[in-house]
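Chain letters run A, B, ... following the sequence lines, proteins first and then strands; every chain starts at 1.
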Amino acid sequence: MTLADEAITWYAANARALPWRQPDTTPWGVLVSEVMLQQTPVVRVEPAWRSWMTRWPTPAALADDPPSEAIRMWGRLGYPRRAMRLHACAVAIVERHGGHVPSSLEHLLALPGVGTYTGRAVATFAYGQRHPVVDTNVRRVVCRAVEGKPDAGQATTAADLTAMEALLPPDSAAAARASIAFMELGAIVCTARAPRCAVCPFHDVCAWRLTGQPLPDGPSRKPQRYAGTDRQVRGLLLEVLRHATGPVPRQRLDVVWQDEVQRARALAGLVEDGLVERLGVEDFVLAGDTPKGGVQDL
DNA sequence: CAACCGTGGAC
DNA sequence: TGTCCAAGGTT
């Protein structure tokens, strides 16, 4: 049995029943799930995904609403630029592809917010194509099982793809199963902190385990700070704007953060990123929440 | 290309 | 009221 075969067998018996894995999930549903899952845990994505798909079952449905609605529906999933890009994605899919999520990797990668991982994930999981799909879970599993290292270092996309490619079965359907199986393995067994090696299908062949599970050497990569950063301030500002029904006077934004310089910088950043629009001099709204200056038509 | 971009939960 | 981590992407 190859590693891929072992993983596929394990997956068949142990996979979580996540809604976007149901056979009737559309490519749009897969794309939405992949974007939501970028740096956000499954448990928080699941309810959000259901709400999103109920409201916007197709790219065209989302494209018909303003970005502000997408930002609101995004809620507190984090990195709200993803909501904006998903909206831009929907618009692009309508304009370029007649409302159908493209199946070619090239077209997928050209969509906003779709990078190396997400593009391959959609091509593979929605369309059954044969691509290596490498996320943080796959990198960790391959690193440990094959290379015997405790953790994957900095992502080296090309090398990671090559390493996973070497493990994929020739058949495209089997390759897709192998990729999702490796991901699931990394998510619930070969975890970052407390791997459950006792129940791992790679238990007897894992290079890392067979060499005594050496600890990471050298200095660990310093985690990024959050408290006190512009990111925190942006989050606070956006939280106010999300709940607003009309234009928000600057005065209501001023109360969320003491430091005036940082507050202004954060707000300017949100405007520059297209998440927020300034109305007149002192009012702000989520992008697309612009009240009609005059009724265009009825 | 290292740094930036949110948020919450487990220790 | 700290650290680390979670299906990354963009610049």
Side-chain angles (χ1 to χ4, degrees), chain A residues 11 15-16 18-21 29-49 71 74-86 88-89 108-126 131-141 150-158 160-161 164 176 179-188 190-195 216 219-242 256 262 265-266 268-270 272-276:
Chain A
Y11 181 84
R16 294 165 293 179
L18 301 174
W20 48 86
R21 288 180 180 167
V30 173
L31 174 57
V32 171
S33 77
E34 295 300 345
V35 173
M36 286 185 169
L37 286 163
Q38 292 168 2
Q39 303 286 280
T40 301
V42 165
V43 287
R44 287 167 54 205
V45 165
E46 194 166 341
W49 183 87
I71 295 168
W74 196 256
R76 303 185 64 81
L77 287 181
Y79 292 144
R81 289 193 293 189
R82 291 182 292 160
M84 205 184 49
R85 289 182 181 140
L86 199 45
C89 223
L108 284 166
L109 292 173
L111 296 172
V114 176
T116 305
Y117 164 75
T118 303
R120 287 164 181 277
V122 172
T124 300
F125 304 139
H131 300 285
V133 181
V134 177
D135 72 334
T136 185
N137 291 307
V138 173
R139 286 178 51 238
R140 185 173 54 249
V141 171
D151 283 298
Q154 191 90 15
T156 54
T157 306
D160 292 338
L161 291 175
M164 188 58 200
S179 285
I180 193 68
F182 268 64
M183 289 173 61
E184 189 76 345
L185 205 45
I188 68 184
C190 193
T191 57
R193 264 178 296 194
S220 61
R221 214 162 56 83
K222 50 180 107 176
Q224 49 181 346
R225 302 269 171 257
Y226 177 66
T229 62
D230 285 5
R231 290 214 319 288
Q232 182 182 12
V233 183
R234 289 167 58 114
L236 293 169
L237 291 170
L238 216 51
E239 178 67 2
V240 172
L241 290 162
R242 259 200 303 269
V256 306
Q262 188 175 22
R265 187 174 62 230
L270 288 170
E272 186 172 354
D273 289 349
L275 286 157
V276 171

Query raised in the report: Closest nucleotide of DNA chain B for Glu239(A) versus for Gln154(A): which of these residues is on the 5' side?
Result: Gln154(A)

**Report entry** All salt bridge (charged side-chain N to carboxylate O under 4.0 Å, His left out) counterparts of Arg139(A), not counting sequence neighbours
**Finding:** Asp160(A)

Query raised in the report: Using a cut-off of 4.0 Å on non-hydrogen atoms, how would the nucleic acid contact of Arg76(A) be classed: base, sugar-phosphate, or nothing?
Result: sugar-phosphate

Query raised in the report: Taking only residues two or more places apart in sequence, or in another chain, which ones meet Arg120(A) in a side chain to side chain donor-acceptor pair (under 3.5 Å)?
Result: none

Query raised in the report: Is the closest side-chain heavy-atom distance between Ser179(A) and Val138(A) below 4.5 Å?
Result: no

Report summary line: Sorted by chain and number, sequence neighbours left out, side chain to side chain donor-acceptor pair (under 3.5 Å) with Arg16(A) holds for Glu184(A)

Requested in this report: Rounded off to whole Å, could you give me the OH-to-P distance for the Tyr226(A) and dC4(B) pair?
Outcome: 15 Å

Report task. Using the P atom on both, measure dC5(B) against dA7(C) and round to a whole Å. Result -> 22 Å

Query - Footprint string (nucleotides 1-11 of chain C, 5' to 3'): B base within contact, S backbone only, - free, heavy atoms under 4.0 Å - result: --SBSBBBBS-

Report summary line: Hits for salt bridge (charged side-chain N to carboxylate O under 4.0 Å, His left out) against Arg81(A), two or more places apart or cross-chain, chain-then-number order -> Asp273(A)

Query raised in the report: Touch check for Asp273(A), heavy atoms < 4.0 angstrom, all strands: base, sugar-phosphate only, or nothing?
Result: nothing

Query raised in the report: Just checking Leu238(A): base, sugar-phosphate only, or nothing, at a heavy-atom cut-off of under 4.0 Å?
Result: nothing

**Report entry** side chain to side chain donor-acceptor pair (under 3.5 Å) partners for Thr116(A), two or more places apart
**Finding:** none

Query - Whole angstrom value for the distance that separates C1' of dC4(B) from CD of Gln262(A) - result: 14 Å

